[in-house]
S.K.: 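There's a structure below that I have some questions on.
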Amino acid sequence: MEELKENFQGADYSAPIIDREAIDHARAGVYPASIVADVSPERLAHFFDQELPDGSAYRVHKNHP
């Protein structure tokens, strides 16, 4: 066990740096319409708004009820 501790001593366990664009995209909370295959109609109604008039995207409610 001591040998394992020595091998990992000083190792960096921090998360890798994430692309700023990926963070911004996630923060926007926009999902493709294909989420209807995985999200129940009740959850869609409760947590999402249709983002585009053609229904091609959903956005997470900023302040869901």
Side-chain angles (χ1 to χ4, degrees):
M1 187 61 139
E2 286 301 314
E3 185 178 329
L4 284 174
K5 286 182 183 178
E6 289 175 19
N7 288 338
F8 287 100
Q9 190 173 20
D12 182 10
Y13 298 107
S14 62
I17 296 173
I18 300 174
D19 182 352
R20 171 58 75 196
E21 188 175 323
I23 292 172
D24 291 342
H25 181 76
R27 187 175 285 136
V30 177
Y31 294 86
S34 61
I35 66 169
V36 300
D38 300 309
V39 179
S40 72
E42 294 80 15
R43 288 187 186 269
L44 280 174
H46 187 78
F47 294 107
F48 296 88
D49 289 317
Q50 282 193 329
E51 177 67 8
L52 301 174
D54 65 358
S56 64
Y58 286 88
R59 180 181 296 269
V60 175
H61 292 304
K62 295 292 183 186
N63 297 309
H64 69 273

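In this text, all values refer to a predicted model and were calculated from it rather than measured experimentally.
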S.K.: Should Val39 and Phe47 be marked as a side-chain contact (heavy atoms from CB on, under 4.5 Å) after you check the CA-CA gap, both sets of side-chain angles, and the distance that decides it?
M.R.: CA-CA 10 Å; Val39 179; Phe47 294 107; over 6 Å; no
S.K.: How far apart are the C-alpha atoms of Leu44 and Tyr58, what are their side-chain angles, what is the distance that settles it, and do they pass the side-chain contact (heavy atoms from CB on, under 4.5 Å) test?
M.R.: CA-CA 8 Å; Leu44 280 174; Tyr58 286 88; 4.1 Å; yes
S.K.: Going by side-chain hydrogen bond (donor to acceptor under 3.5 Å, both in side chains), name the residues that satisfy it together with Arg43, two or more places apart in sequence or in a different chain.
M.R.: none
S.K.: Do Arg59 and Phe48 have side chains that approach each other closer than 4.5 Å (heavy atoms only, starting at C-beta)?
M.R.: no
S.K.: Under the 3.5 angstrom rule, does the side chain of Asp19 hit a backbone N or O of Glu21 as a donor-acceptor pair?
M.R.: yes
S.K.: Just list the side-chain donor-acceptor pairs under 3.5 Å for residues 27-35, sequence neighbours left out, or say none.
M.R.:
none

S.K.: Is there a path from Val60 to Val36 through hydrophobic residues (I, L, V, M, F, W, Y) whose side chains come within less than 4.5 Å of each other?
M.R.: yes
